[in-house]
Structure formats: structure tokens, C-alpha cells
Amino acid sequence: MPHSDDFLAVHDPAATRPAHAPDAGSGRWWGFAVVLTAGLLLLCGLTWLVSVQRGLASLQQSTATRADRYAATLESTLDRYEFLPALVSLHPFVRGLLESPNDPDRVAAANHYLAEVNRRAHASATYVIAANGIALAASNHGQPGSFVGTDYRFRPYFQIASGGTLGRFYAIGITSDEPGYYIAQPVESGGKVIGVTVVKLNLEWFQRAGNGAEPLMVSDDNGVIFLSSVSAWQYRTLRPLPPALQAELEKTRQYHDRAVTPLPLEPLTSPVTRWLADTTLDAGARLVRVRDDAPTTKTTFAPDGAERADRYLELGRTVGPAGWTMQVMAPLEPVLANARNATVAAALAYACICLLLVNWRQRRQRARDMLYSRRLLEAAYDELERRVEARTADLMAINEKLEEQVAERTRAESELRAAQDELVQASKLAALGQMAAGITHELNQPLAALRTFSDNTRVLLERGQLAAAEGNLTAIADLTERMGKITSQLKLFAGKARPVRRPVVVRASVDHVLALLAPRLAAVTISVTGLDDLPGLAVRADELKLEQVLLNLLGNALDAIATAAPQHGRIDLDVQADGHAITIVVRDNGTGIAPEALPRLFEPFFTTKETGQGLGLGLAISSSIVREFGGQLSVANVPGGGAQFTLVLARAPATDAADPARTVSAPQ
Ligand code: ADP
């Protein structure tokens with residue numbers, strides 16, 4: 001027979017498991033994740049590079065425009081003032097002064113003229129130096145820190161101009177301590193330099209030309225930054241100065257007492273920045289870093305101090321006449337920030353796409369799994385149906401078999417019943433035969449005696465022996481009385497009188513039975529308990545029949561004692577009452593009852609007594625009487641020997657209405 005508990009193990013070849021099922025494909029998922037991560041990194045890197053590249057190109061373009069503008073502004077300023085000293089040198093006041101330097105009128109005229117020119121030209125100072133290097137007149141004459149009388153021999157611009165050419169020089173004023181651009185023009189007379197006219201310009205306004213966030217600086221041919229929008233960078237060098245040059249600077253006091261130290265500016269040299277510079281930047285542009293030891297960097301052009309602009313796109317321009325270089329430093333931070341933002345945005349977009357992809361993959365996977373599960377279920381369902389059909393067929397076969405068995409059993413039962421009926425019939429016949437044998441036996445003896453007595457009596461009468469004949473007749477009467485008793489027993493057993501139930505006082509019945517049996521009871525000890533307290537105790541019964549039952553029980557007890565313990569026989573009769581019932585127990589110390597006899601004790605004609613001693617009807621009749629009263633009669637052996645009969649009857653209301661005149665005939 002097929003078993004249904006393994007149907008889930010069914011495998012339908014059509015429902016093959018998807019190759020990418022999660023348990024089989026976790027490695028594939030890992031691979032997928034690794035590919036996605038690598039893609040993310042690649043995308044981030046590329047985005048960053050492209051963004052930086054574009055940002056740099058754009059920054060370079062805008063910075064270059066601004067740098068050109070700054071350079072043009074500076075150049076035009078310098079050009080504008082280039083001819084001023086030459087003009088001044090041509091003026092008669094100047095020439096007159098140089099020819100007669102000690103003439104106070106000429107000095108005053110020259111001073112006045114220089115002051116006027118200086119005011120109109122918006123220069124810092126305009127002055128005239130004699131060939132010996134001493135300033136003769138100046139626009140700031142008569143003012144504290146006036147140049148008049150100062151010796152300028154050591155100043156390079158004086159030395160150059162003394163040589164007959166235009167001298168240009170940027171330095172810090174030794175008198176005023178203010179930086180400035182000096183243009184010196186030789187004044188010649190008769191092919192000889194008789195003096196020098198100098199115009200000093202203040203170029204510090206140029207430091208503020210930038211847009212604040214974009215440092216600007218101008219360095220001279222030695223690399224010394226003399227103009228810078230970052231004050232901390234001013235008077236620092238772009239490259240270390242050779243000691244000879246350092247000594248020369250000290251000698252010419254070009255930067256007065258300022259310590260000229262190198263600015264920690266270095267090009268960015270990582271492979272990525274080099275690649276970016278090579279692919280994006282024009283000549284003259286480079287990526288640099290200014291180290292942290294320039295502490296005012298951020299306060300100068302990032303007043304809020306929020307950003308640390310230490311990396312720049314440096315764009316150089318050559319300006320001025322003396323090999324000057326202007327550098328515009330555009331911070332890289334905005335470019336890097338933009339690149340960062342673009343990278344983050346690209347990463348987010350990529351993550352979104354990946355999530356969508358994963359989601360799509362999972363949905364597709366789920367759909368496949370569901371399809372697979374459905375196929376599996378369908379296969380299982382088909383198999384289940386097939387098995388249910390098979391099982392149903394099996395069950396139907398079993399059912400048919402069972403029906404056959406039931407029919408067979410019914411047949412067997414009816415046969416058994418017939419056999420039982422036959423048996424009952426046979427046992428009835430057997431009982432009848434037994435009874436017939438008993439009666440025959442009981443009656444044969446007195447009948448034979450009767451015949452003998454009657455024959456003898458006829459002989460005695462023929463002989464005239466009347467007294468003897470009368471004795472025989474008395475014996476004949478006794479015998480007939482005995483036979484009558486036997487037949488009366490049979491009548492009692494057979495008779496089904498209408499049951500009569502009325503209150504019967506137990507005490508009266510017991511006393512009456514004890515009186516009837518008094519001669520036999522004299523040989524044993526009899527004890528009656530339970531009646532003294534309840535003299536009016538009554539049961540629902542017929543008093544004659546109740547006494548017949550008690551007579552039978554006490555008679556049997558006496559018989560058993562006579563067989564087992566004739567010398568010290570004892571009978572206990574105990575009466576107990578409760579709410580609805582009265583129990584009468586008759587206990588003896590006689591033979592007791594053999595175990596095999598116990599179940600048959602109440603059968604009619606069952607007896608263990610000698611033939612002629614008992615018919616085996618006493619207990620059968622007694623139990624039938626008790627049943628008639630709605631009571632029970634039971635038997636048990638007493639431990640230690642003897643038997644105990646228990647009679648239970650329905651209790652009746654207490655009464656004194658006992659009939660003292662009734663008589664009862666003992667059955668035995
Ligand atoms: P009978 O007395 O004519 O044999 P009963 O029906 O009165 O018929 O008793 C049946 C049998 O029960 C008796 O033969 C006897 O073996 C047994 N029996 C009855 N009462 C007692 C008793 N008190 N002790 C032992 N055996 C008993």
C-alpha cells in the first residue's frame with residue numbers, strides 16, 4: 001500500500017530548480033557584490049579625475065584672464081611713470097639746482113617744483129640727487145623724514161643712473177621705511193652725468209588688486225616677493241638666495257632690515273597631480289602647495305578662517321621692465337570640493353542604480369522561485385491526487401472485505417445463538433432429569449416403605465394383631481407426611497405467586513425462625529446483633545417468605561457446622577440499617593464453600609449434600625424470593641473458615657404491626 005507521508009519528496013523533472021537559486025548561488029551574489037563595488041570605486045575615481053580636470057581647465061582659463069588683466073594694469077602704471085623722471089630732469093629748476101647746488105633760491109625753486117610735480121603725478125616722492133649721491137631737493141622737503149641731504153650712493157638705481165642709463169629698482173625706503181618702485185633718470189650736461197632725478201612710486205595698491213580669495217604676488221629677478229596680497233608672503237623668496245646675493249641685498253639695503261627667507265612653496269608631485277598638470281595645464285601654470293608655516297595665509301584671504309587654502313593653481317606672468325614675475329595663486333579647494341560633490345553625487349546615483357538592479361534581480365529571482373514552487377506544488381498535488389485515488393481504491397477493497405466479514409460474523413452469530421438455544425434446551429432437560437432423579441430418589445424410599453408397611457399391615461389384620469397394625473398405620477401416616485413436605489417444596493419453587501410487599505418487622509421474623517429451629521440451635525452458639533436498638537426495624541417483604549429465606553440460610557449454616565465443627569459451632573446473625581436499606585448477615589464457622597461451587601450456588605438443584613439430604617433448591621428459591629422483594633442475596637467465604645450470606649432488602653417505615661398469630665412451616 002502506498003504511503004502518503006513522503007509525497008513532498010516527489011520530484012517532477014519538469015519543475016527543475018532554477019540554477020541561480022539563492023542557496024546554490026550565494027557565491028554568485030558575492031561575485032555580483034564585488035563587481036558592483038569595483039564599479040563604484042572605478043566610477044568614483046573617474047568622476048573625481050574628470051571633475052578635477054574640468055575644474056582645473058576652467059580655473060586656469062578664468063585665472064589666466066584675471067592674471068592678464070592684473071599684469072596689464074601693472075605694466076600700464078609702470079609705463080605711465082617711466083618718462084616722469086626724464087621730464088623732471090629736463091626742467092630748468094632741476095638743471096639750475098644741479099649746476100649751483102648751494103644756491104638756496106635754486107634749491108627752494110627745485111623743491112617747490114618737485115613737490116608740485118609729485119602732487120600732480122600722484123607719486124610717492126620725487127627728488128634730485130647730485131652726482132656725489134646726496135639728495136639736493138625732494139618733494140617731501142621740510143617734512144619729517146625728508147630725503148634732502150640723504151646719501152644714495154649705495155642704492156643700485158643711483159649707481160645705474162650714474163652710469164648714464166635709466167635705473168629701475170624696487171626697495172624699501174631707507175628714510176621713510178616705505179616700500180616703493182624707484183625710477184632714476186641721469187641728468188647729463190656736456191656728455192657728463194651731473195645728477196640723477198628719481199621718482200618713487202607706491203605699488204602697494206596692486207596688492208589689493210586681486211579678489212581677496214586669490215593670492216597675488218610679484219617677485220623680482222632674484223625671486224624675492226616684494227608685492228603680495230598675503231602680507232606673510234611679502235619679502236620672502238621663491239627660491240633660496242645664494243649667500244653672495246644675500247650679502248648684496250644687505251649692502252644695498254634693498255629690503256632695509258627685513259629678513260628675506262624662502263617661502264615654503266613647492267610643486268605637487270604625486271603621480272595623479274603630475275598627470276593632471278600634464279593633461280590640463282598650459283606652460284606657466286602649475287599646481288603648488290604652500291606649507292603651513294605661513295600662518296597668516298588663511299586670515300589674509302579667507303577671513304572667516306573656515307577653509308585652509310594651501311593648494312593652488314599657480315599662474316605666472318612676466319611683468320615690468322626688470323625681469324619681474326607676477327604669480328596669481330588660485331586656490332584648488334573649490335575645484336576639489338566640486339570634484340568631491342560630483343563624486344558623491346555619482347556614487348549616490350550609482351548606488352541608486354545598483355539598488356534598482358539588485359531589486360530587479362531579486363524580483364526576477366522571486367518570480368522564478370515562485371514559478372518553481374508552483375510547479376513543485378502542482379507536481380505534489382498531482383501525486384497526492386494519484387495517491388488519494390489509490391488509497392480510496394484500497395479503502396473500498398477493505399470495506400468490501402469488511403462487509404463480507406460482517407456478514408460472515410452475523411451468520412456465525414445466528415449459528416451460535418441457535419447452538420446456545422440448543423444448549424439451554426439441553427441443560428434444561430438435564431436439570432429436569434436431575435430433578436426427576438432427585439424426586440424419584442426422595443419419593444422411592446418412602447414409597448417402598450409404604451408398600452412394605454401396607455403389606456405387613458394386611459398380614460397383621462388377617463392375623464388379628466390390631467395393635468401392631470395400628471403402629472404400622474401410624475408409620476404410614478408419617479411417611480406420607482414426609483412425602484407431602486417434599487412435594488410442597490416443589491410447589492414453592494414452581495409457584496409464581498403475585499408478589500406481596502408490606503412492612504415486616506425484622507425482629508419478629510428473626511425471633512420466630514429462631515423459635516422454630518430451637519432444637520437444632522441448642523447444639524451451637526448463636527448471637528443476634530443490631531436488633532436491640534431498633535426493635536421496630538422493618539423491611540418491605542412478605543413475612544412468610546422472609547422467614548422461609550432465613551430458615552433456609554440458618555438451616556444450611558447448621559448443616560455446614562454439623563459437617564465441620566459439631567462441637568463448637570457458632571452462628572452470627574447481624575442486622576444493620578441505613579437510610580434506605582437493611583442488611584442481614586448470616587455467618588457461620590462451618591465448612592465454607594469450595595471455590596468451584598461458589599458460582600453455581602444459586603442454581604436450582606445444585607447441592608453438595610448426600611442424596612436424600614437436600615434437593616439443591618433452597619438457595620435458588622431464596623434468591624428468587626429476595627429478587628421478588630427488589631433485594632439482593634450474595635455469598636462469600638469467611639477468612640479462617642465458614643461462609644457468610646448477605647441479604648439486602650429495602651427498608652420500610654418502622655411498625656409494630658406484626659401478626660403474632662401467623663404460623664410458618666419450615667421447609668426442611
Ligand atoms: P440443599 O441444602 O438442598 O443442598 P441449597 O440450595 O440450600 O440446597 O444449598 C445448595 C448447596 O449450597 C448446599 O448443598 C451446600 O453445599 C451449599 N451451602 C449452602 N449453605 C452453606 C453453608 N452455610 N455452608 C457451606 N455450604 C453451604
Side-chain angles (χ1 to χ4, degrees), residues 427 430-443 445-446 482-483 485-495 510 513-514 516-517 520-521 523-528 545-574 583-628 632-647 664-668:
S427 56
L432 205 61
Q434 205 177 3
M435 184 178 77
I439 293 167
T440 310
H441 182 83
E442 289 294 318
L443 293 181
Q445 199 190 358
R482 189 175 154 200
M483 288 167 73
K485 278 185 184 175
I486 290 168
T487 51
S488 74
Q489 264 193 45
L490 285 170
K491 202 168 79 191
L492 267 174
F493 180 64
V510 169
V513 170
L514 291 179
L516 284 175
L517 288 172
R520 290 190 71 192
L521 288 171
V524 300
T525 312
I526 176 120
S527 109
V528 178
K545 288 187 176 175
L546 177 63
E547 284 171 14
Q548 186 183 342
V549 172
L550 291 174
L551 268 173
N552 181 242
L553 295 179
L554 287 169
N556 278 345
L558 285 168
D559 288 345
I561 288 169
T563 311
Q567 304 303 319
H568 34 78
R570 179 183 173 85
I571 296 174
D572 296 315
L573 194 151
D574 181 44
T583 306
I584 302 170
V585 177
V586 179
R587 192 183 305 116
D588 63 62
N589 63 347
T591 55
I593 301 152
E596 63 277 7
L598 265 176
R600 301 190 57 203
L601 220 57
F602 296 101
E603 282 179 14
F605 306 111
F606 175 78
T607 180
T608 58
K609 291 175 187 166
E610 299 277 322
T611 309
Q613 295 295 311
L615 271 179
L617 288 175
L619 285 177
I621 291 168
S622 295
S623 73
S624 136
I625 290 170
V626 171
R627 269 201 307 278
E628 203 174 278
Q632 277 180 352
L633 180 61
S634 58
V635 62
N637 275 318
V638 178
Q644 169 178 308
F645 285 83
T646 306
L647 172 62
V664 69
S665 55
Q668 287 169 322

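Residue numbers run from 1 in the order of the sequence given. Since the model is a prediction, treat every value here as computed from it, not as a measurement. Both counts, for ligands and for their atoms, begin at 1 and track the order of listing.
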For [X] and ligand 1, does the shortest N/O to N/O distance drop below 3.5 Å?
| X | answer |
| --- | --- |
| Leu619 | yes |
| Asp588 | yes |
| Gly616 | yes |
| Gly618 | yes |

Problem set entry | Residue list, side chain to side chain donor-acceptor pair (under 3.5 Å) with Arg627, at least two apart or on another chain | none
Exercise. With sequence neighbours left out, what residues match Asp574 under side chain to side chain donor-acceptor pair (under 3.5 Å)?
Worked result: Thr529, Gln576
Counting from 1, what ligand 1 atoms have a heavy atom of [X] closer than 4.0 Å?
| X | result |
| --- | --- |
| Phe645 | 20 (N), 23 (N) |
| Phe606 | 10 (C), 11 (C) |
| Ala560 | 22 (C), 24 (N), 25 (C) |
| Thr591 | 25 (C) |
| Gly592 | 25 (C) |
| Thr607 | 1 (P), 4 (O), 14 (O) |
| Leu617 | 6 (O), 8 (O) |
| Ala557 | 23 (N) |

Got [X] and [Y] here, is their nearest side-chain heavy-atom distance under 4.5 Å?
| X | Y | value |
| --- | --- | --- |
| Leu546 | Leu647 | yes |
| Leu554 | Leu514 | yes |
| Phe645 | Asn552 | no |
| Arg520 | Asp559 | yes |

Problem set entry | Check: Asn589 side chain, Gly569 main-chain N or O, donor-acceptor pair, under 3.5 Å | no
For this session: Determine the minimum heavy-atom distance between Leu619 and Phe602, stating which atoms define it.
Result: O-CD2, 3.8 Å
Seminar exercise, completed: Between Gly590 and Ala564 the two heavy atoms that sit nearest each other are C-CB, 3.6 Å
Seminar exercise, completed: Among Lys609, Arg587, Glu603, closest by heavy atom to atom 2 (O) of ligand 1 is Lys609
